[in-house]
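Counting starts at 1 for both ligands and their atoms, following the listed order. Sequence positions, counted from 1, serve as the residue numbers for this chain. Computed from heavy atoms alone, side chains included, the values below leave out hydrogens, waters and symmetry copies.
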Amino acid sequence: MRQPFEKGRVLVRIEIARDYEALSERAARLIADEIEARERIVLGLATGSTPLGVYRRWIEWVRAEQLSFAGVSTFNLDEYVGLAPDHPQSYWSFMQEKLFRQIDIRPSNVHIPQGNAEDVQAHCAEYERQIRAAGGIDIQILGIGGNGHIGFNEPGAEFGGSTHLVALAESTRRANARFFKKEEDVPTHAVTMGLKSIMNARQILLLASGRGKSEAVARAVYGDVTPDHPASILQLHPNCVFLLDEEAALGVTEGERTR
Ligand code: PGA
C-alpha cells in the first residue's frame, strides 16, 4: 500500500517503562491527569490482562478521593457474541468487576457492545451512533494481540470498518481460553469497534507488556501498514503513543518513529 507520509512526520511515539507496574502507573496517571483537567471526557476502554494495572490504580485513587469518574463516559472495544451481559465470562461482567463497580462512574455513562443483541447489525450501528452522540472518543486505550489484532480486529480486518460482527482467529480463542473452563467454551464470534472507529479517537494509548508482545509491537511500529497486521494502521494516527515495558519493547527504541 502507498503510504502518504511526508518526511519527518511522526508515526508513533514510543515510551518504555521498566516493567508492568511502571507502565501501568504511567498510563493510569496520564489519563487521570486528563480526567482531572476536563469537565467531561470520553474514554475508550479495553479488556484483557494488560489494562488491569491501570484499572487497579484508578480504583485506589477513587477510594482515596483523589480522582472522580463523575464526568467520564466510556465505550468498550468489544464483546463476545452469544453471551448475555451478566454471563460471568462476558466483557460486561469483566468490566463491572475489574472497574465500574468500584468507581464513581454513572452506569448510564458506561457503554459496552451487547453480545446477545437480537439484531446485531442494528446494534452495531446504534453503538457507533452513541459514540458520535457522546462527541467521539478522547482517549482510546488499546492492548495488542500476538497476531497484531486491536480490539477484535483480526488480521485481514478492513481499515474502513466501523463496529461490526467478527469471527475470532483460532490464535485469539486459544489465547483467551485461560478465562474459560475449556477452549471449546470460548465464543467463536464477537462484536468489535472497527479500525475506523478506533482511528477516530483523538488520542490512542497502546499498552503492551511482556516478551510475547515484542514481535507484534515491532511489526506494528516498523512494518508495512497492512490489514495483515491490524495494529500497523496506528502509524497513520496523528496522536498515538505505544507505552511498553522493557520486554515488550525488545524490538523497538524509545522516542518518536518518524518517516
Ligand atoms: P491481553 O490481550 O491484554 O490479555 O494480552 C490483549 C489483546 O489481545 O488485545
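For atom 5 (O) of ligand 1, the choice among Arg178, His149, Lys213 with the nearest heavy atom turns out to be Lys213.
Among protein heavy atoms, atom 6 (C) of ligand 1 sits closest to Ile144 O, 3.6 Å.
At a 3.5 angstrom cut-off on N or O pairs, Thr50 counts as close to ligand 1.
By the 4.0 Å N-to-carboxylate-O rule, Arg219 lies too far from Asp224 to be salt-bridged with it. Salt-bridge check for Glu21 with Arg57: passed, with a basic side-chain N closer than 4.0 Å to an acidic carboxylate O. A salt bridge is defined here as a Lys NZ or Arg NE, NH1 or NH2 lying under 4.0 Å from an Asp or Glu carboxylate O, and Arg173 with Glu183 fails to meet this definition. Between Glu60 and Arg63 there is no salt bridge, since none of the side-chain N atoms of the basic residue sits less than 4.0 Å from a carboxylate O of the acidic one.
With a 4.0 Å cut-off on non-hydrogen atoms, Ile150 does not touch ligand 1 at all.
The Gly48 neighbourhood of ligand 1 comprises atoms 3 (O), 4 (O), with distances under 4.0 Å to a heavy atom of that residue.
Panel note: side chain Asp245, backbone Gly210; a donor-acceptor pair is recorded below 3.5 Å.
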